[in-house]
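Let me begin by presenting the structure, written as structure tokens, before commenting on it.
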Protein chains: 2
Amino acid sequence: MAAMIVEKSEGRECKVVTSQDVAHAAGVSRSAVSRTFTKGGSVSEHTRRRVLAAARKLGYNPNAIARSLITQRSNMVGLVMADITNPFYARVLESFSEKLQSVGQHVLLFSIAKVHDIDQALPALLQYQVDGVIITSAVLSSAMAETCAKAGKPVILFNRYVRETITSAVCTDNVAAGREVANLLLDAGHYRCAFLAGTANTSTSNDRQRGFLDRLAERGALAPLVDRGDYCYEGGFAAAGRLFARADPPDAVFCANDVMAVGAMDQIRQVRGLRVPDDVSVIGFDGIAASGWPSYELTTMEQQIERMTSEAMEILMARIADPTLPPETRFVPARLVARASARLPQEMLAAVS
Amino acid sequence: MAAMIVEKSEGRECKVVTSQDVAHAAGVSRSAVSRTFTKGGSVSEHTRRRVLAAARKLGYNPNAIARSLITQRSNMVGLVMADITNPFYARVLESFSEKLQSVGQHVLLFSIAKVHDIDQALPALLQYQVDGVIITSAVLSSAMAETCAKAGKPVILFNRYVRETITSAVCTDNVAAGREVANLLLDAGHYRCAFLAGTANTSTSNDRQRGFLDRLAERGALAPLVDRGDYCYEGGFAAAGRLFARADPPDAVFCANDVMAVGAMDQIRQVRGLRVPDDVSVIGFDGIAASGWPSYELTTMEQQIERMTSEAMEILMARIADPTLPPETRFVPARLVARASARLPQEMLAAVS
DNA sequence: CTGAAAGCGCTTACAG
DNA sequence: CTGAAAGCGCTTACAG
């Protein structure tokens, strides 16, 4: 009954089975095969059954690349990430890939070493006809943004935002979070604060610093110390070393991320022999897993990852469906997670315990 | 001079510039354009210059999808990962993506929640015509392996291996590492060891356990305690809680990975109030960043990530170039990183200090 | 070196 | 519901 398929032996590679082969085997046209594998396709139950049977027998797998060439939709989203090794971004990556997969999108991952590599990564992404691009912790040049806009490819920045209204963005409200930390530390009676900055020229670090320092100044607090730790453990460890070698060390340190805060705590307790929070309060940012470990009990401003990735997905998918939609920037508040590493205002202590 | 290009307004989307457009603008054929963008293409310097100029002016970007349809090479590699959130695998991912990008391959990432999801992930990968597949910490069914083999797509398992000689693999020699830890603890005079297993039915955990227990038995050591922590912090924390609630607690704990070891140490010191290594030695596996933090100083069997990913790349790229090459399995030794969390044999103490 | 033509594997109006 | 035909954007023998 079934047509005999003569395999045209193609050198070393086994012949790949194509919709044509399935059509032959099922005794229908390629159109019928295509419709069977397209979800809205109108096929009779009879032919659908024949096609499916033939496809299964031959081991047919539709070629997504060929399909996307004609549909102009690749169902791939480019995901550009700068520092996967940072536990915060590892969770962001996991969250995005889960959400993208759940809506049938595939993840074309670009890992960039330096933030500047982004303008080289994007053309490659565009060549692969991704339906959209998500960029975390980096910002593309306005020329590149222009190129993407012209190509009708929506771009979403994650944890960055730009003044020009050409690119969408989802970002924690870092300025507000910085202000909140200032209030918290002052209310608890700290008198000499320090800010431990992340990588230079990143809006995340800058905004957290600005909110923190501005609010400190508004309330007439002592001028805070500022040092820098490049967003990594070693950086936080070293910066805390400098901070506490001073004659006038701080009694509170606000770190621009948790990884640095953990490094700072190790320096403060293991090397300097100081107590946290009795001698010095430490507050971090992100809410990574280690912040909750009993060894640290780090008070931190948590970034709401799931909410942020959901908002980004919403913006992205809407613009993939309708590229004429204007860009949109959304800010998500950080959330205080109060733990043992910081002396807190009286009223909060009651609430926590 | 330059030909006037009339943009055919295509609804909302801006017209995408194609090799045809560039050909027109440069006054040459599509073939010439194609050759200019193919690295071995024979084009005169004159036409190459004209083509490049036209391409730049129009903002032409070759369509990689269309190209791969004809070349039968997508320059995409499927990367299947089970737990990006584990710092060890985050580093593996970063290492692979860096190496793949450096050889012009692009990463199609599949993040799977459960290890069993892998047989669903692979068909999707295959539909996108990836040139090969790397699977970390999971093992595909032999039926799926068969499918990949038939499609001529090389598959490399990372940190897994299979008996059937149909799939390549790169794996730490977990059995040998387990034996080494047994020797180490026994030589240092420990008398009651415990093994803290990872996720059930994973070869990594099983092999580490087997090597450890076998060697302990060979040397006539006391029967070791065994508990399970599912490869996560909370699991290690809880398992250590059970271990040290016993009347006969161990004086040494070998954990199947570092994340559990860190959890165990927090339980041992913060909750139980025991000292490490004075009361109990702790040894981990992987060599994650936290193992080196002063708060833990965790002695661990480090997996040589860079070497392992390099070997995997070697195997993969060779088989992409020549699919007839037979599968190959390579084992890489783990490396002891001696730190303060374990009492070590006398001779090693001298070497370390 | 160069161009016309065929074709990669699919989808999609268009008639029937 | 169904099939023949055109076409997505590219590359690659094949002649010249």
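Here is the naming used below: chain letters follow the sequence lines, and residue numbers restart at 1 for every chain.
In this entry dC1(C) has dG16(D) as its Watson-Crick or G-U wobble partner, both defining distances falling under 3.5 Å.
Applying the 4.0 Å criterion to OP1 and OP2 of dG9(D), one finds that Gln72(A) has a side-chain N or O inside that range. One finds no side-chain N or O of Ser31(B) lying less than 4.0 angstrom from the OP1 or OP2 phosphate oxygen of dG3(C). Checking the phosphate oxygens (OP1, OP2) of dC1(D), no side-chain nitrogen or oxygen of Ser44(A) falls inside 4.0 Å. Phosphate proximity of dC8(C) to Thr71(B): absent, as no side-chain N or O sits under 4.0 Å from OP1 or OP2.
The residue from Gln105(A), Glu306(A), Glu314(A) that alone fulfils the side-chain hydrogen bond (donor to acceptor under 3.5 Å, both in side chains) condition with Lys99(A) is Glu306(A).
One can place CD1 of Ile70(B) at 10 Å from C1' of dG9(D), the figure rounded to the nearest angstrom. Taking atom CD of residue Gln20(B) and atom P of nucleotide dT11(D), one finds them 13 Å apart after rounding to whole Å. Protein atom NZ of Lys39(B) is 17 Å distant from nucleotide atom C1' of dT12(D), rounded to whole Å. Atom-to-atom, CZ of Arg50(A) to C1' of dC1(D) comes out at 15 Å; the value is rounded to the nearest Å. Rounded to whole Å, atom C1' of dG3(D) lies 13 Å from atom NE2 of His24(A). Computed from coordinates, the Gln127(A) CD to dC8(D) P distance equals 20 Å when rounded to whole Å. Ile65(B) has its CD1 atom 15 Å from the C1' atom of dT11(D), to the nearest Å. Across the protein-nucleic acid pair, Arg73(A) atom CZ and dT11(C) atom P stand 14 Å apart, rounded to whole Å.
Residue contacts shown for Tyr60(B) are limited to sugar-phosphate atoms, with no base heavy atom under 4.0 Å away. Within 4.0 Å (heavy atoms only), Ser42(A) reaches at least one base atom of the nucleic acid. Within 4.0 Å (heavy atoms only), Ser68(B) reaches no atom of the nucleic acid at all.
Asn75(A) and Tyr128(B) get closest at one heavy-atom pair: CB-OH, 3.3 Å.
Under the 4.5 Å side-chain criterion, counting only non-hydrogen atoms from C-beta, Leu157(B) is in contact with Leu140(B).
With hydrogens and angles disregarded, a donor-acceptor distance shorter than 3.5 Å links the side chain of Thr71(A) to the backbone of Arg67(A).
Listed nucleotides: dT11(C), dT2(D), dA13(D). Nearest to the side chain of Arg35(A): dT2(D). Picking from dT11(D), dC8(D), dC14(C) the nucleotide with the shortest atom distance to the side chain of Leu69(A) gives dC8(D). The side chain of Val28(A) lies closest to dG3(D), out of dG9(D), dG3(D), dG9(C).
In this structure, Ile118(A) CD1 and Ser137(A) OG are separated by 8.0 Å, a value rounded to the nearest 0.5 Å.
Ring-plane geometry between Phe110(A) and His106(B) is classed as tilted, the angle between the planes lying from 30 to 60 degrees on a 0 to 90 degree scale.
For the pair Thr47(B) and Asn63(A), nearest-nucleotide mapping onto DNA chain C gives the more 5' position to Thr47(B).
When the C1' atom is compared between dT12(D) and dG16(D), the two are found 16 Å apart, to the nearest whole Å.
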